[in-house]
Amino acid sequence: MNVRTDFGGRAVLVTGGTKGIGFVIAQTFLAAGAEVVVGGRAEPAVLPSAGGRTARFVPADIRDATAAAGLVESAVGHLGRLDVLVNNAGGSPDADAATVSPRFVERIVDLNLLAPFYVAQPANRVMREQETGGSIINIGSVSAHDPQPGTAAYSAAKAGLLVLTRALALEWSPRVRVNHITTGLIRTEAAASVYGEDEGAAVAKVIPMGRMAVPADVANTCLYLGSDLSSYVTGADIAVHGGGEFPARYLAARS
């Protein structure tokens, strides 16, 4: 069997691909030869580019099912096919579960759980008709496994995304593979202030790998899951979190 890792001639859609992790994911697929469409609510000043190609931007608020379907339709219109979907859009500010508003909870669940399904459903309809099928990659969070204070709605939504991934993998195999990446602490410009004045040096000490992830760590895993190297991988949850965190009792004993 010829195992293909060159993405020349392949079409990739990355939601939330205009900044942060999604921007690097889009760049990584472009560098591997793919044609890429990125979705977002506002067009950025700079679009991902690599390998002499620049990603196309399609505006869409994917919390709306009609807009999500329109994003997929536009991507296929631009690229002629769809081989890989990366459901990257997501996130949440911290919020006190005791006082948070119902509207806040709805919006967080809409973005982190419902929106990925709204995009995956039309993507599946396209991919299942292609001879080579397709790959859907859902970007999750360690919060789905290990919630932190202030993340109740976000953690619940991300836990739902993990189970949704497994359910879709069961229903859409073998033509369409659906996988999940559990991301841990990731250094981005937007998140740098969250990790303290030392820019995360202290935080890195609780991670077995000795550092926080960078967006490229996630992007390279997406490249694997979108390629022929993972042709028998579906319904999987790949942890990209540097080994997680040392248990608090271990750290306390060493201090």
Side-chain angles (χ1 to χ4, degrees), residues 5 14-17 19-29 31-32 48 84 86-94 112-113 116 135-152 154-166 169 177-227 229-230 233-255:
T5 55
V14 182
T15 69
K19 58 185 178 181
I21 299 167
F23 190 98
V24 176
I25 291 172
Q27 276 190 324
T28 300
F29 276 107
V84 180
V86 182
N87 269 320
N88 167 74
S92 172
D94 285 356
N112 292 282
L113 175 57
S135 171
I136 297 174
I137 305 163
N138 293 325
I139 305 299
S141 168
V142 70
S143 294
H145 302 270
D146 185 21
Q148 303 296 313
T151 68
Y154 176 73
S155 295
K158 287 300 190 183
L161 180 63
L162 174 56
V163 176
L164 176 65
T165 298
R166 292 168 175 162
R177 298 184 295 108
V178 188
N179 290 292
H180 181 276
I181 297 175
T182 288
T183 62
L185 302 177
I186 301 173
R187 282 188 55 85
T188 63
E189 290 184 10
S193 62
V194 176
Y195 300 120
E197 295 181 359
D198 64 0
E199 298 185 345
V203 174
K205 293 179 181 178
V206 308
I207 301 172
M209 286 295 289
R211 66 172 178 88
M212 286 190 286
V214 294
D217 293 314
V218 180
N220 290 337
T221 307
C222 289
L223 206 64
Y224 163 71
L225 289 173
S227 76
L229 291 172
S230 61
V233 179
T234 193
D237 176 23
I238 298 182
V240 182
H241 58 22
E245 298 179 23
F246 291 116
R249 63 182 181 275
Y250 172 80
L251 296 174
R254 293 183 63 189
S255 63

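Values in this document were obtained by computation on a predicted structure and should not be read as measured data.
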Is there a donor-acceptor pair under 3.5 Å between the side chain of [X] and the backbone N or O of [Y]?
X    : Y    : value
R177 : I137 : no
S155 : A152 : no
S230 : L225 : yes
T28  : V24  : yes

Check P48 against G17 and note the closest heavy-atom contact, atom names and distance.
CG-O, 3.4 Å

Measure across P208 and G244 and return the closest heavy-atom pair with its distance rounded to 0.1 Å.
CD-O, 3.2 Å

Any side-chain heavy-atom pair from [X] and [Y] closer than 4.5 angstrom?
X    : Y    : answer
C222 : I139 : yes
K158 : L162 : no
D94  : Y154 : no
F23  : V14  : no
I186 : V218 : yes
N112 : L161 : no

To the nearest 0.5 angstrom, please state how far the CD1 atom of I136 sits from the OG1 atom of T165.
9.5 Å

Working to the nearest 0.5 Å, report the span between CE of M212 and CD1 of I207.
6.5 Å

Contacts of [X] that satisfy side chain to side chain donor-acceptor pair (under 3.5 Å) - sequence neighbours left out:
X    : answer
S92  : none
R211 : D217
S135 : none

Under 3.5 Å side-chain donor-acceptor pair for [X] and [Y]:
X    : Y    : answer
T15  : N88  : no
T182 : H145 : yes
N138 : H180 : no

